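A short worksheet on the structure shown next.
Reckoned from all heavy atoms, side chains included, excluding hydrogens, waters and symmetry mates. Computed from a prediction, not measured in an experiment: that's the story for all the values here.
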Amino acid sequence: MYEQTDDAPLSAQPAVSADPDKTRKKSIKLGIITSLISKLFGSIVQFGAMPLAAAKMAEGYYDVYTFLLYQAMLLGLLNLGSGPGVVPEMSRFATEPDQQEEASWFTSSFWVGVVSSAALALIILIAAPLAPIRAYVGPEFWPFETEIRMGLVAFSAIVVLRSVISQVTYGYMAYMEEYRMKAVVSAGYGLSIPAIVLVAFFAPHPVWLILAVIAVPFLAQYVTVYRFWKIERPYLIPKLSLYNRARGWKLFLANAYSSLAAAGTTVTMTVPLLLFTRVASETEQVGYLGTLLTWYALASTVVVMIASAIMPTISNAFAHGDYSWIRRATLKAFRGTGVYGVVLVIGCSAALPFVTQLLYPSIPEYHGSHFDGFLLGSLIASAGFNILLKGYLEGIGRFGHSAIAGFAGAAVAVLLTIVFLPMFGGTAAFCAIIASQLVAGAICFGMLYRDVFRPAFGPEGRAAPAKEEPEA
């Protein structure tokens, strides 16, 4: 049992219950604001600094960077012990604090995640000089085998550095305070911009660019990690004596299912690109497809922003049976996601040719068409609802269901890519990914209907909270 000590004052966490409605509204509002700011800085990185790096690098190097970036996502999926499994378990403490239980759950989650990350980093480090790179990529990338192996070494360091940040982020999510970490992400992007410029002019190498984009922002995030333990919640310092084996195993299984769900999503994005390396006649074709997918990832973070802001509030509301809140939050979230998707379909269709020519004037293969823009917008729109629905599933602790939906979508993407890639090239890969998002989203909705959406939009959800009746 956790006992209060002098280095973990009770005053660090309110001992009284907070108003759930106000806490949830604050979480969503600040979460969206801080996400928008971080997306602004992220856009500066992607559309300002990255084209400069692409122009300064030797031929093929930027394409290798794009390839490595997606392989980093793929390798991260092997980290089965790290994930948001602790969020549903701790979300009720955001409005009903219990420091003993909080410390037990968080500590168990921390050690499961960090040990799993360290094990994965060691495996990647051992595999770096031994992996059969030429059997994995197409011949256009064979001259860059050394750079790819160096990228694996860099990934092993990134996995370890990210592990602690991830655990603190999940803690903030459980307390509906993820906006604190998101605010610091903007500062991380600010550090990344000059780092990318330095790489472009003085060390134009794909591995250094990977570190500038991914690892440099960690510096700002570790400041928040320090604040989380030293100032805000010192009682959550993860002492081994607080580790609970049963809870650790439960969290490992939840995180493993979450990783499998993310694996489905990432396989959907990376395998079509990987298959395209085998049929593309030039590395620039792969780089162009990878760039569009990177822009998709950047644009879809707006929906991820909404989903990550809503997920802990849905978790808290579901734990308390507050279907009225779920109904109101769902209407706003889906309305916003729908409007955003329509705007992106129209905007990308109209603007993509002009944007690509502006950003990459010296790389004709990167000059897109209006149809490419339509496909990009359609991917963002279709993925938006899928991302949101998966956030609901994980918010109520259904990580296994989310994994099923993710793998169903991945199967559709891979199958359609294999069938149509020889005939339609990169267009086939894009259409396959769009189809996968529609299938996975439909499965998620079916899994949520009985326990979430039917009561939320039935009599339970339509009944306004008592405190809101005078306003009505």
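For the 3.5 Å distance criterion, the side chains of Ser109 and Gln167 qualify, holding a donor opposite an acceptor.
By the side-chain contact (heavy atoms from CB on, under 4.5 Å) test, Pro353 pairs with Gln357, His370, sequence neighbours left out. Not counting sequence neighbours, the partners of Thr268 by the side-chain contact (heavy atoms from CB on, under 4.5 Å) test are Ala410, Ala413, Ile433, Ser436, Gln437.
Phe371 is listed as a side-chain neighbour of Thr427, based on a closest heavy-atom distance under 4.5 Å. Within the 4.5 Å cutoff, the side chain of Gln221 has no heavy atoms near those of the Tyr226 side chain. In this structure the side chain of Arg398 reaches within 4.5 angstrom of the side chain of Asp451, judged on heavy atoms.
Side chain of Trp208 to backbone of Val199: no donor-acceptor contact under 3.5 angstrom is found. The closest donor-acceptor contact from the side chain of His367 to the backbone of Tyr360 lies under 3.5 Å. The main-chain N or O of Leu352 is found under 3.5 Å from a side-chain atom of Thr356 such that the two form a donor-acceptor pair.
Centroid-to-centroid, the aromatic rings of Tyr62 and Tyr65 come within less than 6.0 Å. Taking the six-membered ring for Trp and the full ring otherwise, Phe106 and Phe228 have centroids separated by under 6.0 Å.
The residues Lys390 and Glu394 are annotated as not salt-bridged, no charged nitrogen and carboxylate oxygen being separated by less than 4.0 angstrom.
Figure legend: cation-pi geometry between Arg149 and Phe144 absent, as NZ or CZ is not positioned both under 6.0 Å from the six-membered ring centre and within 45° of its axis.
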